[in-house]
Amino acid sequence: MTVWVLGDQLNLEAAPLQHDDHVLMIEAHGFGERMAYHPQKLALVFAAMRHFRDELRARGFDVTYLTAETFAEGLDQFYDAAPGTDLVTMNQPSHGAGERLRELVESRGGSLTLVENDLFLTTPAEFDAWAGDSDTYRQEHWYRHVRRKTGILMDGDEPAGGEWNYDDQNRETPPDDWTPPEAPRFTPDETTQEVIEFVRERYLDAWGSVDDFVWPVTRDDARQALDHFVETRLTEFGPYQDAMVDGEWALSHSLLSAAINLGLLTPHEVVDAVEDAYWDGDAPLNSVEGFVRQVVGWREFMRHVYRRSMPELAEANQLDQTESLPAAYWTGETDMRCLSEAVGHVYDHGYAHHIERLMVLSNFALVYGVDPQEVNRWFHIGFVDAYHWVTTPNVVGMGSFATDVLSSKPYASSGNYVNKMSDYCSSCPYAVSKTTGENACPFNALYWDFLKENEELLRGTGRMGLMYSHVDRKDDEEWDAIRSRAAEIRRMGEEGTL
Ligand SMILES: Cc1cc2nc3c(=O)[nH]c(=O)nc-3n(C[C@H](O)[C@H](O)[C@H](O)COP(=O)(O)OP(=O)(O)OC[C@H]3O[C@@H](n4cnc5c(N)ncnc54)[C@H](O)[C@@H]3O)c2cc1C
Ligand code: SF4
C-alpha cells in the first residue's frame, strides 16, 4: 500500500503512516484559480506540504511528490509510473471528498482505502451515538458529553471548578493602556520563500496580501506557536476573548486554527497543553475552560453537524436573503471603523479573530440581508483556516442563521454590541447612538429592519422575546425612518460609499 497524504493531513502520527513507508503527495495548483483564494492560504498549504515531504524523507519514507494542475492529472502521472497501486488515505471531513478521490483512483486502475481521520478528537460513530436520529443539535450538550466521556478538565464526575462554563468572566474589554503580547512570527525559510514567490507570480487574481506571512508551516514551528500561546497569551485569552481593539488583529487569541486544520497540531495535544497549564497552576480556569470549549465543543461539533447536515446545509437560506455583499468586503474601503478593521485584518493576514468574524463580518452581512452562499464564498476565499467542512457550518449555520440545525436564534445585533466590546465606535464617523438620519450607525437601522422583516420566523424562537418587546414599542413613523435608512445603507453598500 502507498499512503496518499493529503494537504490537510500533515501529521507523522496519522495511522496510515504507522503501517506503510511509501507515500504519495500531490500539490495541485488549479484549485487556486477557480476561486480567488487568499495568497497566504495558498502559500501556507503548499509550503506546509513541501516541508512535510522533506520531513518524511528525512525519516526514511519513500515519497513521490507530484505537482499538477488537478488531482486527476497528478494521479495520471502516478499511475503511468506505478500502475495498479493500492492507496490508503484518511477520510476527508469535507462532504463527498473521500468518495470523489476514490472514483478518481479507481478510474485509473488503482484502489483507495479510506480510513478514519484521526486528526479529530471524536469519531463520527461517537457523535452519531450521542445524537441518535435528531436533526437539530446544541453545542453545549455535546460539549458536556465529551468532557464527561474523556475526562478533559474534570474533577471526578464534576467539571473542574464546579461549573461547565465561565463565560461570565470572559466578556471584558482591556484597559486603554493594554497592549497584547506580540503574536509569534515564523520568518519564511528558503522553501517557504520559494512558494510565496510562486504564489505571487501565478495567482494574479488572489484576494489579499502575502507580504506579511507569519504562519507556522512545520511541525516544530506549530509546536512553538502552541507553547508561545500557553506561556504568553492563554491567561488573557479568556477575559478578552470577545473584545476588539483598534489596530490589533490577534489580541490574545491562539492563532492555531490553520495549524490544527492542516494536521500540524492535533486537537488532542492542544487541549492537553492548555489543560496542563490549569492543573499546574499556570493559567486561570476561565481562560482554560473557554479555550477547551472552542476545541472540544465547537470545532468537533461543527465537524459532525456539517457531516450530518450536508448537502442541504450548504444551500440553506431559511431567511430568504438575496442581497450581494457590500463592496467594502472586497475593497476594505468604508467609513465603518469596525468593518474596515475586520476586512483589513483578513486582507493583510487571512485571519480575523472569532468575534470579528461573528459579530462584525457575518453579523453585518446577516442584517444587511446577504445571500448566505455568497457570505460563505467570501469567508472561504479570505481565511487561511478555511475548509468547506468548518467554514460552512460557521458561516451558513452560526453566522447567517440560514438554518436552525445548530442554533435557535441568530447572532444578530445592532451597533451596541460593537460599542460595548470594542473601542471602534469612538473613532468612527458614524454615530452608534443614532438609528436613523444622517451619519447613524449602519448596524442600527439594518438590525431593526432585519427583526421586522423576519418577524414571522424569529418572534417565537428562543430568547428573542426581549428584542421583540422593543420592536413592539416602535410606532409607524419610526419604522418608516428605519426602513428608509436601511434602504439608504444598502444603496451605499452597493455603490461602495458606506
Ligand atoms: C463566520 C465564521 C466563520 C468561521 N470560519 C472558520 C474557518 O473557516 N475555519 C476555522 O477553523 N474556523 C472558523 N471559524 C471559527 C473560529 O472563528 C476560528 O476557528 C478562530 O477564530 C480561529 O482563530 P484562533 O485559532 O486564534 O482561535 P481561538 O480563538 O484561539 O480558538 C481556539 C481554537 O478553537 C477552535 N474553534 C473555535 N471556535 C470554533 C468554531 N466555531 N468552529 C471550529 N473551530 C473553532 C479553533 O481550532 C481555534 O484555533 C469561523 C467562525 C465564524 C463565526
Ligand atoms: S459606530 Fe457603528 S459602524 Fe462605527 S464602529 Fe461603531 S458599530 Fe461600527
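Note that the structure is predicted; figures quoted are calculated from it, not measured. Atoms within a ligand are numbered from 1 in the order they appear, just like the ligands themselves.
Nearest protein neighbour of atom 44 (N) of ligand 1, counting heavy atoms only, is R299 CB, 3.4 Å. Among protein heavy atoms, the minimum distance from atom 2 (Fe) of ligand 2 is reached at C441 SG, 2.3 Å. Closest protein heavy atom to atom 13 (C) of ligand 1: R357 NH1, 3.3 Å. The protein heavy atom nearest to atom 8 (O) of ligand 1 is T391 OG1, 2.8 Å.
Residue I260 touches ligand 1 through its side chain alone, judged by heavy-atom distances below 4.0 Å. Contacts of F229 with ligand 1, taken as heavy-atom pairs under 4.0 Å, are absent altogether. Only side-chain heavy atoms of N261 come within less than 4.0 Å of ligand 1; its backbone N, CA, C and O stay farther off.
Listed by number with element, the atoms of ligand 2 under 4.0 angstrom from any heavy atom of V418 are 7 (S). Shown in contact with Y430 at under 4.0 Å from a heavy atom are these atoms of ligand 2, numbered in order with element: 1 (S). Residue S254 approaches ligand 1 through these ligand atoms, each under 4.0 Å from one of its heavy atoms: 24 (P), 25 (O), 26 (O), 27 (O), 28 (P), 30 (O), 32 (C), 49 (O). With ligand atoms numbered from 1 in the order given, ligand 2 contributes 1 (S) to contacts under 4.0 Å with heavy atoms of V432.
A salt bridge does not link E494 to R490: none of the charged side-chain nitrogens sits closer than 4.0 Å to a carboxylate oxygen. The existence of a salt bridge linking E269 and R223 is confirmed by a sub-4.0 Å separation between a basic side-chain nitrogen and an acidic carboxylate oxygen. Checked for salt-bridge contact, R357 and D385 meet the test: a charged N lies under 4.0 Å from a carboxylate O. Electrostatic pairing of D404 and K409 does not count as a salt bridge here, judged by no charged N lying under 4.0 Å from a carboxylate O.
Between atom 4 (Fe) of ligand 2 and the options S426, C428, S413, the minimum heavy-atom separation is to C428. The heavy atom nearest to atom 26 (O) of ligand 1, considering only W298, Y387, Y351, is found in Y351. Nearest to atom 53 (C) of ligand 1 by heavy-atom distance, out of V274, V295, L358, is L358.
Side-chain polar atoms of R307 and H304 form a donor-acceptor pair below 3.5 angstrom. A side-chain donor from one of E236 and W178 sits under 3.5 Å from a side-chain acceptor of the other. Between the side chains of Y137 and R308, at least one donor N or O lies within less than 3.5 Å of an accepting N or O.
Note on C425: counted as a metal contact of atom 6 (Fe) of ligand 2, an N/O/S atom lying under 2.8 Å.
In this structure, F237 is part of the shell of residues with a heavy atom less than 4.0 angstrom from ligand 1.
In terms of modelled atom types and a separation under 3.5 Å, the side chain of N117 and the main chain of Q92 share no donor-acceptor contact.
Minimum heavy-atom separation, V432 to N444: O-ND2, 2.9 Å.
Other residues, nucleotides and ligands contribute at most 12 non-hydrogen atoms within 6.0 Å of the CD atom of E438.
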